[in-house]
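Here's the structure, in structure tokens; my notes come after.
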2 protein chains.
Amino acid sequence: MAMKKISQAELSVMEVLWMQSPQPASDIARKLAAQKRWNIKTVKTLLSRLVDKNALSTTKDGRRFLYAPLISREIYARKAARTLSDRLFGGRATPLVAHLAEGRGLSDEDIADLEKLLSDLKREGLNNER
Amino acid sequence: MAMKKISQAELSVMEVLWMQSPQPASDIARKLAAQKRWNIKTVKTLLSRLVDKNALSTTKDGRRFLYAPLISREIYARKAARTLSDRLFGGRATPLVAHLAEGRGLSDEDIADLEKLLSDLKREGLNNER
DNA sequence: GCCCTTTGATTACAAGTGTAGTCATATTGT
DNA sequence: ACAATATGACTACACTTGTAATCAAAGGGC
């Protein structure tokens, strides 16, 4: 049942549905219109393809459909992060963060957040120990 | 001169050239043969496309070409990390790392590395201050 | 000198993607 | 009731990607 790959354009549609769901195509198209200049037909094509790919479920609502994600943003994001990290950073988080830091720089807040995350992770590690 | 998108298969070719360059197609194909079962024709197609995309330069060496990357792995990796981070994590490093941590878990070494990176970043911040 | 191999150039071709258009039907406003 | 509109199903079509094959010229082995 391995989920097929979601394309760039399709991902934009997923984002709208991850923010709220279920929604009919018309609403999705309206929200997307802010960023992309897509004809509603285009949005509908993308929706159909996502349904084919088992990324969305549909429920009938009168003569139209309501769409909802079948994969969570969490899972998708995790997979994408994993893939990138494996592919370009040998699966290590540090070089990835280092690359992000370079050029853009991490804010003080980012650094504080990361430190907190790390201390939480260490605490977990200890718990698993015994 | 915006660099065109490098595809998955093309990226594998880039990896070989990032490890060593310049190289002729035959060498590249031989090295790739370890992972992918690609006909040398396939490798040559990918090389041509990468040249078209301005991702590789060529220099004549007798009757063949030597290929070399026009973008560094560093830059490419940074851009990819940036894109993913912007697209799925609102540009923040922390949720990205958190996602990586979840499910796979960061090793003690990863955590130590990250802590070192963070303290280096803080030191830099101080230096910039004055 | 001639055949086999290597190489670049060109071409192939199906699947996936971006971006719609057409057609038939159901719905709604007047 | 009828025209304009919305909607789903299907179709279109150029471009990209994965994965080669063909063709012609150039070199290399014997």
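Lettering follows sequence order; numbering is per chain, from 1. The figures here come from the full heavy-atom set of this structure, side chains too, leaving out hydrogens, waters and symmetry mates.
Looking at B:K41, its side chain has no donor and acceptor atom pair within 3.5 Å of the base of C:dT7. Under 3.5 Å, the side chain of A:R49 and the base of C:dT19 form at least one donor-acceptor pair of N or O atoms.
When distances are taken from the side chain of A:K4 to each of D:dG18, C:dG18, C:dG16, the shortest belongs to C:dG16.
A:R63 comes within contact range of at least one nucleobase, with a heavy-atom separation under 4.0 Å. At the heavy-atom level, A:K53 lies under 4.0 Å from the strands shown only through sugar-phosphate atoms. Within the 4.0 angstrom heavy-atom criterion, base atoms lie near A:T42. Contacts of B:S48 with the nucleic acid, taken as non-hydrogen atoms under 4.0 Å apart, are absent.
Between B:I40 atom CD1 and C:dA9 atom P the separation is 14 Å, expressed in whole Å. The distance between atom CD of A:Q23 and atom C1' of D:dT7, rounded to the nearest whole Å, is 17 Å. The nearest whole Å value for the distance from the CG atom in B:D52 to the C1' atom in C:dT10 is 12 Å. Here C:dT7 presents its P atom at 11 Å from CD1 of B:I28, a figure rounded to the nearest Å. Between the CG atom of B:L32 and the C1' atom of D:dA20 there is a distance of 15 Å, given to the nearest Å. We find that CD1 of B:I6 is positioned 10 Å from P of D:dT17, with the value rounded to whole Å. Between the OH atom of B:Y67 and the P atom of C:dT7 there is a distance of 10 Å, rounded to whole Å. If you measure from atom NZ of B:K5 to atom P of D:dC15, you get 18 Å, rounded to the nearest angstrom.
Side-chain contact annotation: A:R64 with A:T58, donor-acceptor N/O pair under 3.5 Å absent. Under 3.5 Å, the side chains of A:R37 and A:T42 contain no donor-acceptor pair of N or O atoms.
When the side-chain nitrogen and oxygen atoms of A:S26 are compared with OP1 and OP2 of D:dA6, none of them lie within a distance under 4.0 Å. Residue A:W38 places none of its side-chain N or O atoms closer than 4.0 Å to OP1 or OP2 of C:dG18. Between B:K44 and C:dT7, a side-chain N or O to OP1/OP2 separation shorter than 4.0 Å is absent.
For A:N39 and B:L66, each mapped to the nucleotide of DNA chain C holding its nearest heavy atom, the one lying further toward the 5' end belongs to B:L66. Nearest-nucleotide positions on DNA chain C place B:R64 closer to the 5' end than the other of B:R64 and A:R37.
For the pair A:I6 and A:I71, the minimum side-chain heavy-atom distance is below 4.5 Å.
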- [ ] Given side chain to side chain donor-acceptor pair (under 3.5 Å), test B:D86 with B:T83 step by step and report yes or no.
- [x] CA-CA 5 Å; B:D86 288 352; B:T83 299; over 6 Å; no

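Grouping the Ile, Leu, Val, Met, Phe, Trp and Tyr side chains by contacts below 4.5 angstrom, directly or via other members, places B:L46 with B:W18.
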